[in-house]
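Here's the structure we're looking at; comments come further down.
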Amino acid sequence: MNKKHSALKISLIAVVFGLLLGFLVVLITGRSPMDMLYAFIRSLTGYNLAKPDKPINLMYVFNWLLEAMPIILTGLSVGFAYRTGLFNIGGEGQFMVGSTAASFVALTINMPLVPHIILCLVVGMLAGALWGFIPGFLKAYHNINEVVVCIMLNYIGLFFSNYLVRTFLEIDPNTNARTVAFPITAVLPKVTDMTASQFNYGFVLVVLCLVMYWFILEKTTFGYSLRATGFNSEAARFAGMKVKRNTVYSMMIAGALSGAAGAIVVLGVFKYGRIFTLFDNYGFDGISVALVGAANAVGIALSGLLFALLKSGGNNLQLFNIPKEISQLIQAAIIFFVAIQYGVILMLNKFDGFKLKLKGGKKA
Amino acid sequence: MAYAIEMLNITKDFPGIRANDNVTIQVEANTVHALLGENGAGKSTIMSILFGLYQPTSGIIKVNGKEVHISNPNIANSLGIGMVHQHFKLVDCFTVTENIILGMEPKTKYGTVDIKKAAEKISKLSEKYGLNVDPYAKIENISVGMQQRVEILKMLYRNSDILIFDEPTAVLTPQEIHELMLIMRNLVKEGKTILLITHKLKEIKEVADHCTVLRKGKCIGTIDVKDTTERQMAEMMVGREVNFSVHKEKAQPKEVVLSIKNLNCNNFKGLRAVKDFSLDVRAGEIVGLAGIDGNGQTELVYAITGLAKSESGSIFLNGQDITNLPVKGRLDAGMAHVPEDRHKHGLVLDFPLKENFIIHCYKDRPFSVNHILQPQKIDEYADFLIKEFDVRSGQGKESKTRDMSGGNQQKAIIARELDRHAKLVIVVQPTRGLDVGAIEYIHSRIVAQRDAGAAVLLVSLELDEILNLSDKIAVIYDGQLSGYVNAEDTDENEIGLMMSGSIKKVGDCHE
Amino acid sequence: SNKKTTTEDTTANTEGQTPAEEIKIGFVTDIGGIDDKSFNQTSYEGIKKAADELENVTYAYLQSSQAADYTPNLNSYAEEEVDLLVAAGFLFSDAVSEVVKSYPEQKVLIIDVNWLEGENLQQAVFAEHEGSFLVGVAAGLTAKNAGKTAVGFVIGQESVTMEKFWAGYQQGVWAVYPECEIFYDNADDFGSPEKGKTLAAKQYNAGAYIVYHAAGGTGNGVIAEAAERRQAGEDVWVIGVDTDQYEYGKYGNEGKSAVLTSMLKRVDTASYNAVKAIADGTFKGGVVTYALKDGGVGIPKENPNLAPEVVAEVDAWTQKIVNGEVTVNETAVKDDSRIK
Amino acid sequence: MKLIIEMFPIALMLSTPLIIAALGGLFSERSGIVNIALEACMSVGGFTAATLLVILSSKGVPNAVWIASVAAIFSGALLVSIHAFASIHMKADQTISGTALNVFAGGLTIYLSEIIFNAKSTEAYSTGATFSKMSIPILKEIPVIGKMFFEGIYPTTYIAFILVLVSWFILFKTPFGLRLRSCGEFPQASASMGINVVKMRWIGVLASGAFAGFAGAVLVLTTSTFYFAGSIHGLGFVAIATLIFGKWNPWGVLFAGIFFGFAQTLGLYSSAIPYLQKLPNEFFSLFPYVITIIVLVLFASKSVGPKASGEIYDSSKR
Ligand SMILES: Nc1ncnc2c1ncn2[C@@H]1O[C@H](COP(=O)(O)OP(=O)(O)OP(=O)(O)O)[C@@H](O)[C@H]1O
Ligand SMILES: Nc1ncnc2c1ncn2[C@@H]1O[C@H](COP(=O)(O)OP(=O)(O)OP(=O)(O)O)[C@@H](O)[C@H]1O
Ligand SMILES: [Mg+2]
Ligand SMILES: [Mg+2]
């Protein structure tokens with residue numbers, strides 16, 4: 001394969017194509033593509049090009065970063081499993097049980113701020129890990145396709161969480177559809193009161209997870225054995241690695257990452273235990289993020305930020321009279337262009353070869 | 001004499017490599033025409049072009065004197081060209097019949113596949129050419145030799161006149177090879193023309209009329225086989241002199257390292273595959289395990305290496321009972337293993353070469369300290385092995401293993417396993433599909449390992465390899481030990497008879 | 001002209017040069033979006049109606065993609081300095097309380113919430129129990145007249161609001177038909193028509209003559225089942241919720257509908273009034289209750305499927321409630337042998 | 001017992017779209033392409049059918065529901081052709097390209113609704129215009145079985161049964177099926193036998209889109225009165241689970257689909273079943289999913305999908 005057309009370059013091309021397509025759709029439907037650009041630039045920089053006299057408003061930037069936090073985590077979750085040869089489509093369920101477990105700790109344990117928050121996060125991650133353990137275990141020891149189990153566990157996670165919350169936690173009497181508010185010790189504090197954005201210290205966990213992801217996979221023996229298992233589990237078995245156990249661990253770690261996403265969202269944004277009506281789709285967003293980010297830490301960070309931009313920018317789009325479905329179309333286009341990168345590389349190579357041949361022909 | 005096939009000035013470029021460079025091959029009708037060349041010389045490529053799988057970058061192909069454009073296998077088929085690929089193209093979960101008729105299915109009047117009719121036709125063909133296959137057997141349940149005969153039947157079923165065999169004997173037992181040679185001669189007699197790719201000069205001598213030699217994509221020349229010696233052909237192929245027989249001193253056997261006692265194991269279907277098998281391997285000797293494929297070798301090796309459980313009996317390594325240890329435990333107890341299937345088991349093809357080198361020792365110092373990998377140490381070690389074992393690849397230790405040639409992949413495995421300086425080295429089919437140069441090298445390394453005091457268990461389907469390399473020869477037939485003799489006291493014939501279970505000769509091995 | 005609000009332009013621009021006296025309304029919806037044929041849509045229509053009547057009102061909305069987006073979306077409008085920020089549904093309660101804290105000057109209307117605090121926060125609540133009582137009366141009477149013994153009720157998920165629906169419905173049914181059995185099912189899902197359909201089929205099969213749903217998208221399946229049964233000649237009915245759902249129960253070719261009546265929740269009144277108040281400068285914080293007497297809940301004017309005497313009876317009960325002769329309880333009876 | 005008999009037609013209603021969509025996935029995977037975009041195809045199919053039904057029936061076009069269904073079939077195939085192009089010609093990672101479609105379809109249907117109906121959902125169609133339940137004259141008289149399978153059943157359910165039979169026949173009895181399956185197992189072998197792998201895979205993938213499009217139409221037209229953003233709400237993924245649960249075999253899919261539909265119905269019926277009433281509601285909501293996992297554990301064997309499914313086909317791979 002030609003190294004020249006590196007993964008990064010391809011991803012960039014995909015992003016540019018995706019955005020171009022978005023512009024085109026906006027143009028065709030008679031809206032202003034400039035407005036679209038403004039919406040994204042506002043999320044990215046806080047600067048409102050439509051009203052240049054207004055000062056920079058960091059709230060939009062913080063909202064963008066806030067949006068990025070959970071999907072980077074679910075992206076890492078999908079990515080981690082992917083690197084071990086597993087498809088974690090169960091992020092949704094892991095997210096919900098993580099959220100619920102964190103709510104339990106938040107509401108039932110009395111502690112000072114920092115340890116309380118940390119305990120909430122840890123327990124959220126453990127619950128996610130448990131939810132990841134089930135498909136991992138069934139895959140490893142019963143040879144059951146993890147995809148089915150994950151899909152089933154998404155629904156089980158939803159209803160089971162609701163059951164636990166309704167049965168064991170104190171329900172908010174005003175609505176009967178959520179718990180009472182968390183004590184202040186269990187709320188992820190905002191990073192700054194400068195803006196109204198809820199951007200909070202959950203980002204520390206996200207950064208930590210990113211670093212750990214990279215470190216574990218690339219730098220530790222454990223990561224080495226997981227990667228070997230992912231690429232060729234038979235060879236890993238031949239080399240004496242505990243392939244089954246690795247499968248279980250890997251799904252547990254993936255689950256923990258999605259669980260972490262659930263925990264930071266519930267502790268930082270909602271601040272009360274939720275009764276879920278529908279999937280939040282963070283798990284599915286994670287699939288896009290992981291795949292576009294080529295399942296490596298830096299890639300996931302970047303693609304998480306990108307998708308968050310499209311989502312929060314997508315909300316902003318509506319302020320500019322552009323339906324937010326446009327941003328969904330752009331997301332789809334970007335994923336699609338990433339999907340066909342292999343073909344694009346081949347074409348580029350062919351093109352290069354063609355150029356070479358032309359040159360050669362002239363020389364001859 | 002009329003040419004059945006003429007491939008004139010064929011050039012084929014792959015991205016980054018010219019696999020065929022202005023190659024011309026002319027094949028007379030009703031002959032066996034061999035193609036000889038090192039690994040990667042471009043033999044498979046040019047045959048794939050003839051079969052329509054690839055398009056040549058330039059060059060002309062004529063069939064029976066007429067210029068043709070073979071843009072896909074269908075056209076090749078309609079021109080009467082059939083091919084048995086180096087790696088069989090058989091669908092595992094289909095039956096023999098389904099595989100043979102695929103693409104040319106006879107239909108009933110309801111439009112369904114007429115399996116019955118097809119099976120009958122296949123039985124007849126099979127009888128006519130002495131192929132002996134069961135049309136209703138599933139591919140995954142039949143031996144490699146049988147699979148190959150299915151491949152041959154595919155061509156016969158399609159009435160092909162020009163048959164291409166890409167390394168057909170690499171996976172066969174001596175008896176099977178012998179049968180195949182007979183079949184080929186038979187086919188030629190029936191009016192077919194055969195193109196045969198092989199690394200084995202003996203086979204070329206045995207069946208071929210002409211031989212074209214390729215080296216690094218270029219055509220070196222075409223020779224008349226009866227006027228050329230094996231040595232001359234080998235030199236043409238490699239471009240230098242080659243050693244045929246392995247140079248080795250007499251063995252100095254010492255203490256027993258591997259001791260297998262009354263071992264019984266089942267295969268993955270739960271049938272008994274190894275029966276009451278006992279064998280000792282001593283330090284400083286090479287014990288060759290000969291046998292026809294499917295007689296329990298794989299299961300035996302799995303049981304020794306811990307990849308499968310044994311039913312009863314015991315295995316000792318250096319006196320330690322390892323019967324129930326996991327894989328890792330056995331490796332740590334001093335075992336090295338060059339597996340049969342290098343792609344499936346030997347290597348993680350998507351790892352860079354250097355990461356494949358540490359697959360056993362990644363948890364040990366100096367490659368990792370407190371579970372943290374030490375890249376610098378890993379790099380150093382990779383460089384060392386690459387140099388020591390002459391492993392060649394595009395980007396050295398950073399090359400993706402998948403991009404390396406088969407021979408070099410095998411060398412990488414050998415390097416990794418032999419450098420562990422294990423007490424017991426189990427090598428299975430170490431030279432399958434490799435060219436003579438690579439074989440020569442690998443054999444010498446195995447002997448060196450023996451001389452350094454290791455006990456070597458060599459499992460091979462190639463009798464030449466067993467005879468050349470072993471100090472003692474054990475023969476397995478139907479899961480049982482049917483022979484255990486000194487290499488110098490036996491010959492191909494006797495081993496062949498033991499392999500087929502015709503005679504049994506155990507225990508007159510001097511120490 | 002600067003007025004951009006037309007009916008075909010669902011999202012009007014709040015940007016661009018607008019004269020100073022321009023009144024800007026920002027509406028944030030939950031994930032259901034502006035055309036949920038229910039709650040959001042009705043709220044939005046109230047805004048539109050007010051804007052049509054007033055010259056200088058522009059409006060726009062933000063649809064949230066996730067529950068976590070509520071606060072950011074509300075904040076965006078607050079940053080835009082809209083004159084009124086509207087949030088529909090108790091799901092917004094926490095997000096709104098945050099916004100009110102961050103932007104104390106911002107005028108906000110929230111619907112279905114009455115427990116928040118804020119100088120400039122208007123909280124509109126509806127007497128769903130009263131409206132449900134009326135459809136309960138309609139259901140009970142219709143069933144009684146048809147000689148049937150049971151009616152049914154399907155909810156989407158438990159909540160205080162759902163409880164009010166359930167309470168009113170029970171009381172209404174039993175007020176006119178005390179022996180009537182009521183089937184009660186919780187789909188535990190607001191978005192699954194096939195569950196609604198299954199539950200409706202189950203209730204009809206068990207003998208329910210009329211099923212009242214308060215189940216959002218799930219309720220769609222309830223209506224579908226009723227329409228299908230009527231199409232097949234079976235005599236059953238369904239009662240819609242929030243808006244007049246007559247249209248959704250169409251069957252056959254003559255425009256008949258399986259929807260007996262609907263419990264209207266005039267969320268549009270709340271948003272309409274709030275926008276008007278902003279224009280007049282009379283907007284006030286605090287809780288505003290829209291009860292039956294305020295026209296906040298009720299049944300549609302046109303009820304082609306209701307017998308005239310049933311309509312008359314419903315009207316009579318309406319009077320009694322408005323007069324205070326009858327008070328409808330907000331909590332439902334749970335242990336009653338008539339509930340199945 | 002009476003309840004169980006009564007539950008059957010409902011269970012079949014719930015199973016029908018799952019079975020049809022899973023059969024689609026079956027064709028695709030048997031040809032060697034994983035299609036996780038069944039959800040997307042169902043969305044587009046459901047949307048197309050609902051839209052056309054609203055428009056056609058308002059114009060009084062006869063057989064509007066069948067025209068709408070056929071359109072749904074085409075729309076599913078049209079959408080999935082993007083996936084086919086990407087995964088067959090552009091060597092795309094099939095999971096990624098399927099994911100792209102899933103993201104795309106959600107936005108697309110709502111965007112189109114907005115253009116056509118000026119709303120985020122379609123208008124409601126008249127129930128009379130959709131499929132109506134049928135009973136089979138003589139068979140319905142059979143005790144027990146008659147009430148379970150032959151009374152008050154949608155024609156689409158019978159279509160699903162027929163599709164199972166036809167799929168089985170095509171895949172396992174005809175030359176075409178043999179070829180298609182070979183492409184999912186070992187495409188290099190197929191190619192060497194002169195089979196056009198690209199063509200076969202196109203057919204497989206298009207079939208999956210067509211089936212899933214139809215499944216979407218069936219789901220929307222039999223359970224709802226209009227199409228909205230949440231109409232499919234993840235059932236495409238449940239269909240994938242059905243396919244895997246059914247071990248990539250038409251009869252297995254039939255069984256898995258009915259099983260799943262029945263489990264769900266049982267959950268919803270729990271309040272009418274004496275012993276089950278006491279348990280919390282959520283228990284029944286999660287019942288079908290838990291039961292599926294348990295059944296998988298109990299009856300799982302080493303069955304794996306088509307070997308080459310999901311792999312990028314490289315004609316020169318050795
Ligand atoms: N500090 C650490 N940092 C990173 N990985 C660690 C650390 N400690 C343990 N691990 C990993 O956790 C796993 C469990 O450790 P343990 O010592 O039990 O390994 P093991 O049983 O020898 O593993 P295996 O047989 O899978 O190769 C191992 O894969 C190890 O690499
Ligand atoms: N599809 C391909 N893409 C790129 N390079 C290829 C491809 N197929 C073959 N090659 C390269 O072309 C050269 C010739 O390969 P070929 O398979 O023809 O060798 P061979 O003589 O058959 O070798 P062997 O004895 O190992 O079978 C090799 O360097 C190989 O790596
Ligand atoms: Mg250990
Ligand atoms: Mg070759």
So, taking the atom named [atom1] in [X] and the one named [atom2] in [Y], what distance separates them when rounded to the nearest 0.5 Å?
X: A:T220; Y: B:H371; atom1: OG1; atom2: NE2; value: 9.0 Å
X: B:I372; Y: A:F222; atom1: CD1; atom2: CZ; value: 12.5 Å
X: A:R237; Y: B:K328; atom1: CZ; atom2: NZ; value: 15.5 Å

| query | Does B:H343 offer a backbone N or O that forms a donor-acceptor pair with the side chain of A:N232 under 3.5 Å? | reply |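 Side chain of A:N232 to backbone of B:H343, a donor-acceptor pair under 3.5 Å: yes, one is there.
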Considering all heavy atoms of both residues, which atom of [X] and which atom of [Y] are nearest to each other, and what is their separation?
X: B:K344; Y: A:E234; answer: O-CB, 3.5 Å
X: B:L373; Y: A:E218; answer: CD1-O, 3.8 Å
X: A:A235; Y: B:L347; answer: CB-O, 3.6 Å

| query | Does atom NZ of B:K12 have more than 12 heavy-atom neighbours, drawn from other residues, nucleotides or ligands, at distances under 6.0 Å? | reply | yes
| field | CZ/A:F17: more than 12 non-hydrogen atoms of other groups inside 6.0 Å | value |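 12 or below, so no.
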| With a 4.5 angstrom heavy-atom cut-off, which part of B:E355 approaches chain A: side chain, backbone, both or neither? | both
| field | Positive for side-chain contact (heavy atoms from CB on, under 4.5 Å) with A:F238, one of B:L307, B:I359, B:T305 | value | B:L307
| request: Flag the pair A:K219 / B:P375 as yes when at least one side-chain heavy-atom distance between them is below 4.5 Å, and no otherwise. | output: yes
| According to the interplanar angle, ranging from 0 to 90°, do the rings of A:Y224 and B:Y362 count as parallel (below 30°), tilted (30 to 60°) or perpendicular (above 60°)? | tilted
